[in-house]
Trainee: 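Mind having a look at this structure? Questions to follow.
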Amino acid sequence: MAFDGLDWDEVLWKTNSRDSRGADARDHMEKLAYAMSRVFLATILIFLAFSFPSSSAIRSFPLTPVAESESESDASSSPLPRFKEAPEYRNGAKCPIASSDDTCDPSHVHIAMTLDLAYLRGSMAAVLSVLKHASCPENVFFHFVTTDRVRTGRLARLVRSTFPSLRFKIYYFDEKIVKGLISSSVREALENPLNYARSYLGELLDACVARVIYLDSDLIVVDDIQRLWSIELTGSRAIGAPEYCRANFTKYFTEKFWSEPGMGAEVFGGERGRRPCYFNTGVMVMDLERWREGRFRERIEGWMEVQKASRIYELGSLPPFLLVFAGDVEAVHHRWNQHGLGGDNVRGSCRSLHPGPVSLLHWSGKGKPWVRLDAKNPCPLDRLWEPYDLYLPSSSSS
C-alpha cells in the first residue's frame, strides 16, 4: 500500500527488521509516525463526511414569509426592538419583472442574512442599504436565518412592518446541529451558532436557489447589489469574495497546525498546496449548486472536528472556511468589503478606510457602530452607518 510516495509495506518491514537499528530505525519510525498521522487525519475527515445530520434535519423549520400565528410562549417572551417603517423603493424601467414571491423566480437576486437579537439593529440597516442603492429593489429576495424558534413569527412580523413590500423568508436553524462542533474563541460573540449558519445555506435554502449573496449584519451596501450578484465564478469555484494574498496568514492558525505532519505544510505548501490568501466570510457570493456537489458543508465540519481534537486555530468560524477555500476563491474587487471598521477582536478601536473605491462598509471586529453611537463615543466612519439606522429608541413590546 503506497501513501503519497511512501511504501507502507516497506516501512513496516524495515521497522521490524533485525538490521533496523540506530539512526536507520529512528528514521523509519519517524516515517511510520508521519504516515500514521496522515491516515488518522484522513480517516477522521472521511468518517465525518457521512456522520452528520441529513439536509432534511437541518432544514427543520422553514417558514412562510409572514407567520401570523403566535404561540403562548411567543407572546410571553421578551420584547423585540422597534423600528420605523422604511421608505418604499421601486424598480427602474429596465428591471425584469418579478412576477411573484415565489422563491424560485429566476429574476430574484438572493441575499442571505442572519437575524440575531444582539445584531437585529444592524440587520435592518443592512437591508435598507441594499434596497436604497439597488437598481431593481423589488427583485431582491432576502433569506433570513434565526436560531430563535420561539420568536420566529414575531421576527417575521417585525421585518414585514419595517419593510412592507420586501420579499423574504425566515428559516429556523437548530443550533444543536453545530453547537457540539464549536470551539472556544478569542471573543465570545464569535462562538454564536448563527455565525456558522452560512455553512448550511445549501441545505436551508430551497434547491432552486442556485446562487446567493451572504452578508453579515454589521455592514451597509452603498452600491448596486446587482453588480456583486453578476460576477462570474470561473471554473469550479463555489464562492467569490475579496481576497488578500499579502496578509499574514500564519496568525490565523496555531503553531501546532503549522508544525504537525499533514496540516499546514500539506494544505498550503508543497506542489499541491494552495496559495494562502485571506478572505473575509462576511461577504460572499456562493454557488449553491457547486456547494452541494462539492459537499463543502461536510468538509468544513471535518476541520471543525479536527479543531476539537487538536486545537489548530483561535478565531471562530473563519478558519474552517480558510482551510477549505483559501487560494481557490473567485477574487472580487476589494471595494465590496471594506472590512475591519469595528477594530480588532479585543479593543474595537477606530479604523479608517482602505485606499480605493467603496461599495460596502463592514464593521467586522469588536466595535459596532450602533453601540458606539448610543454610547456617544462614535468613530468617524460610524456616522456613515447612522443614516441607515431605523431603530426607535422608545422600545416597547412588539
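It should be emphasised that the depicted structure is a prediction, and the values quoted were computed from it without experimental measurement.
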Trainee: Classify the ring geometry between F279 and F321 as parallel (under 30°), tilted (30 to 60°) or perpendicular (over 60°).
Mentor: perpendicular
Trainee: So F257 and Y313, do their side chains get closer than 4.5 Å, heavy atoms only?
Mentor: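 With C-beta onward as the side chain, the pair stays apart.
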Trainee: Set out, in order, the CA-CA distance, both residues' side-chain angles and the distance that settles side-chain contact (heavy atoms from CB on, under 4.5 Å) for D223 and L360, then state yes or no.
Mentor: CA-CA 7 Å; D223 201 345; L360 185 150; over 6 Å; no
Trainee: Could you pull out all residues at least two apart from H354 that satisfy ring-ring contact (aromatic ring centres under 6.0 Å, His included)?
Mentor: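 For H354 the ring-ring contact (aromatic ring centres under 6.0 Å, His included) partners, ignoring immediate neighbours, are H339.
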Trainee: How would you list all residue pairs meeting salt bridge (charged side-chain N to carboxylate O under 4.0 Å, His left out) that involve residues 318-328, not counting sequence neighbours?
Mentor: R237-D328
Trainee: Measuring from atom CZ of F141 to atom NZ of K169, what distance do you get when rounded to the nearest 0.5 angstrom?
Mentor: 7.0 Å
Trainee: Can you tell me if S310 uses its side chain to pair, donor with acceptor, with the backbone of Q307 under 3.5 Å?
Mentor: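 A pair under 3.5 Å: no.
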Trainee: In this structure, are over 12 heavy atoms from other groups packed under 6.0 Å from L353 atom CG?
Mentor: yes
Trainee: Got a list of side-chain donor-acceptor pairs under 3.5 Å for residues 122-133, not counting sequence neighbours?
Mentor:
residue : atom : partner : partner atom : Å
S123    : OG   : T114    : O            : 3.2
S123    : OG   : Y119    : O            : 3.3
S123    : OG   : S217    : OG           : 2.8
S129    : OG   : A126    : O            : 2.7
S129    : OG   : V221    : N            : 2.9
H133    : NE2  : Y388    : OH           : 2.8

Trainee: With distance as the sole test, does E85 use its side chain to make a donor-acceptor pair with the main-chain N or O of P164 at under 3.5 Å?
Mentor: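 No.
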Trainee: State whether a side-chain donor-acceptor pair under 3.5 Å links D382 with W363.
Mentor: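 Checked: D382/W363 side chains pair up, N/O donor to acceptor below 3.5 Å.
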Trainee: Search all heavy atoms of P355 against all heavy atoms of Q338 and return the closest pair with its distance.
Mentor: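 Distance-wise, the nearest heavy atoms are O-NE2, 4.3 Å.
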Trainee: Please indicate whether K308 has more than 12 foreign heavy atoms, meaning atoms of other residues, nucleotides or ligands, lying under 6.0 Å from its NZ.
Mentor: yes
Trainee: Please answer whether the main-chain N or O of V222 pairs with a side-chain N or O of S359 as donor and acceptor at a distance below 3.5 Å.
Mentor: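 Judged by distance alone, no pair lies under 3.5 Å.
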Trainee: Measuring from atom CG of L288 to atom CD1 of I239, what distance do you get when rounded to the nearest 0.5 angstrom?
Mentor: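 The CD1 atom of I239 is 11.5 Å from CG of L288, to the nearest 0.5 Å.
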Trainee: Measuring from H333:NE2 to R227:CZ, what's the distance to the nearest 0.5 Å?
Mentor: 12.0 Å
Trainee: Using the benzene-type ring in the case of Trp, are the ring centres of W291 and F325 under 6.0 Å apart?
Mentor: yes
Trainee: Any chance the side chains of T146 and D148 put a donor and an acceptor closer than 3.5 Å?
Mentor: no
Trainee: Would you please name every residue forming a side-chain contact (heavy atoms from CB on, under 4.5 Å) with N91, sequence neighbours left out?
Mentor: C95, C136, P137, E138, N139
Trainee: Counting distance only, does the side-chain N/O of W258 pair as donor-acceptor with the main-chain N or O of T250 below 3.5 Å?
Mentor: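 Checking the backbone N and O of T250 against the side chain of W258, a donor-acceptor pair under 3.5 Å is found.
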Trainee: Closer than 3.5 angstrom, by distance alone: can the side chain of H108 be matched with the main-chain N or O of H110 as a donor-acceptor pair?
Mentor: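 Such a contact is absent between H108 side chain and H110 backbone.
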Trainee: How close do L204 and A197 get, heavy atom to heavy atom, and via which atoms?
Mentor: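 So the minimum-distance heavy-atom pair works out to CD1-O, 4.4 Å.
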Trainee: About how many Å separate CG of N195 and CD1 of I182, when rounded to the nearest 0.5 Å?
Mentor: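 Nearest 0.5 Å value for the CD1-CG distance: 8.0 Å.
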Trainee: Test: disulfide (SG to SG under 2.5 Å). Region: residues 230-259. Which pairs qualify, not counting sequence neighbours?
Mentor: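 Output for this query lists C245-C277.
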Trainee: Evaluate the side-chain proximity of W385 to L373: yes if any heavy-atom separation is below 4.5 Å, no if none is.
Mentor: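 Side-chain contact under 4.5 Å: yes.
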Trainee: Starting at OG of S236, measure out to CG of D287 and round the result to the nearest 0.5 Å.
Mentor: 10.0 Å
Trainee: Going by disulfide (SG to SG under 2.5 Å), name the pairs with one or both residues in residues 192-240, residues two or more places apart or in two chains.
Mentor: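 Sorted result for residues 192-240: C104-C208.
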Trainee: Heavy atoms, side chains only, cut-off 4.5 Å: are L390 and F163 in contact?
Mentor: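 Yes, close enough: below the 4.5 Å cut-off.
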Trainee: Decide yes or no for S364 and N280: does some side-chain heavy atom of the first lie under 4.5 Å from some side-chain heavy atom of the second?
Mentor: yes
Trainee: Are any side-chain N or O atoms of H143 and backbone N or O atoms of M113, one a donor and one an acceptor, separated by less than 3.5 Å?
Mentor: no
Trainee: Can you give me the closest heavy-atom contact between F253 and L322, atom names plus distance?
Mentor: CZ-CB, 4.1 Å
Trainee: Only counting residues at least two apart or in another chain, list the ones meeting side-chain contact (heavy atoms from CB on, under 4.5 Å) with I231.
Mentor: R211, L233, V285, V332
Trainee: Show the nearest heavy-atom pair for residues P378 and R383, with the distance to one decimal.
Mentor: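 So the two residues come closest at CG-NH2, 3.4 Å.
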Trainee: Would you sort out whether R121 and D374 count as a side-chain contact (heavy atoms from CB on, under 4.5 Å), showing the intermediate values?
Mentor: CA-CA 12 Å; R121 191 169 168 185; D374 286 352; 2.6 Å; yes
Trainee: If you compare all heavy atoms of R151 against all heavy atoms of L117, which two are closest, and at what distance to 0.1 Å?
Mentor: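 Between these two residues, the closest heavy atoms are NH2-CD2, 3.6 Å.
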Trainee: Regarding E301 and Y196, do their side chains bring together a donor and an acceptor under 3.5 Å, going by distance alone?
Mentor: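 No.
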Trainee: Side chain of D105, backbone of D102: donor and acceptor closer than 3.5 Å?
Mentor: no
Trainee: Are W303 and V267 close enough, and set up right, to give a side-chain contact (heavy atoms from CB on, under 4.5 Å), and what steps lead you there?
Mentor: CA-CA 12 Å; W303 279 113; V267 177; 4.0 Å; yes
Trainee: Answer yes or no: is there a side-chain heavy-atom contact under 4.5 Å between L381 and R351?
Mentor: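 The answer is no, as the side chains (C-beta and beyond) never meet within the 4.5 Å cut-off.
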Trainee: Any side-chain heavy atom of V306 sitting closer than 4.5 Å to one from L323?
Mentor: no
Trainee: Under the rule for side chain to side chain donor-acceptor pair (under 3.5 Å), what residues qualify as partners of K179, not counting sequence neighbours?
Mentor: E175
Trainee: Should V283 and D216 count as side-chain neighbours, where that means a heavy-atom distance under 4.5 Å?
Mentor: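 Counting from C-beta outward, V283 and D216 never come under 4.5 Å.
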Trainee: Walk me through whether V145 and L201 qualify under side-chain contact (heavy atoms from CB on, under 4.5 Å).
Mentor: CA-CA 9 Å; V145 181; L201 293 176; 4.2 Å; yes
Trainee: Who passes ring-ring contact (aromatic ring centres under 6.0 Å, His included) against H362, sequence neighbours left out?
Mentor: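 ring-ring contact (aromatic ring centres under 6.0 Å, His included) list for H362, sorted by chain: empty.
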Trainee: If we ignore hydrogens and angles and just use 3.5 Å, is the side chain of D174 paired with the main-chain N or O of K176 as donor and acceptor?
Mentor: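 Between the backbone of K176 and the side chain of D174 there is a qualifying donor-acceptor contact (under 3.5 Å).
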Trainee: Could you check whether any side-chain N or O of E330 sits under 3.5 Å from a backbone N or O of T234, counting only pairs where one atom can act as donor and the other as acceptor?
Mentor: yes
Trainee: Any donor and acceptor pair, going by atom type alone, linking the side chain of R160 with main-chain N or O of L166 inside 3.5 Å?
Mentor: yes
Trainee: State, with a plain yes or no, whether a side-chain heavy atom of Y278 is found less than 4.5 Å away from one of L318.
Mentor: yes
Trainee: For S165, what residues pass the side-chain contact (heavy atoms from CB on, under 4.5 Å) criterion, not counting sequence neighbours?
Mentor: E88, R90
Trainee: Using the disulfide (SG to SG under 2.5 Å) rule, collect all pairs that involve residues 283-331, keeping only residues at least two apart or in two chains.
Mentor: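 Qualifying pairs, neighbours excluded: none.
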Trainee: Between OG1 of T103 and CZ of F168, what distance do you get to the nearest 0.5 Å?
Mentor: 11.5 Å
Trainee: Closest heavy-atom contact between S135 and D224?
Mentor: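 Taking S135 first and D224 second, the nearest heavy atoms are OG-OD2, 2.7 Å.
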Trainee: Which residues satisfy the side chain to side chain donor-acceptor pair (under 3.5 Å) test with S349, sequence neighbours excluded?
Mentor: none
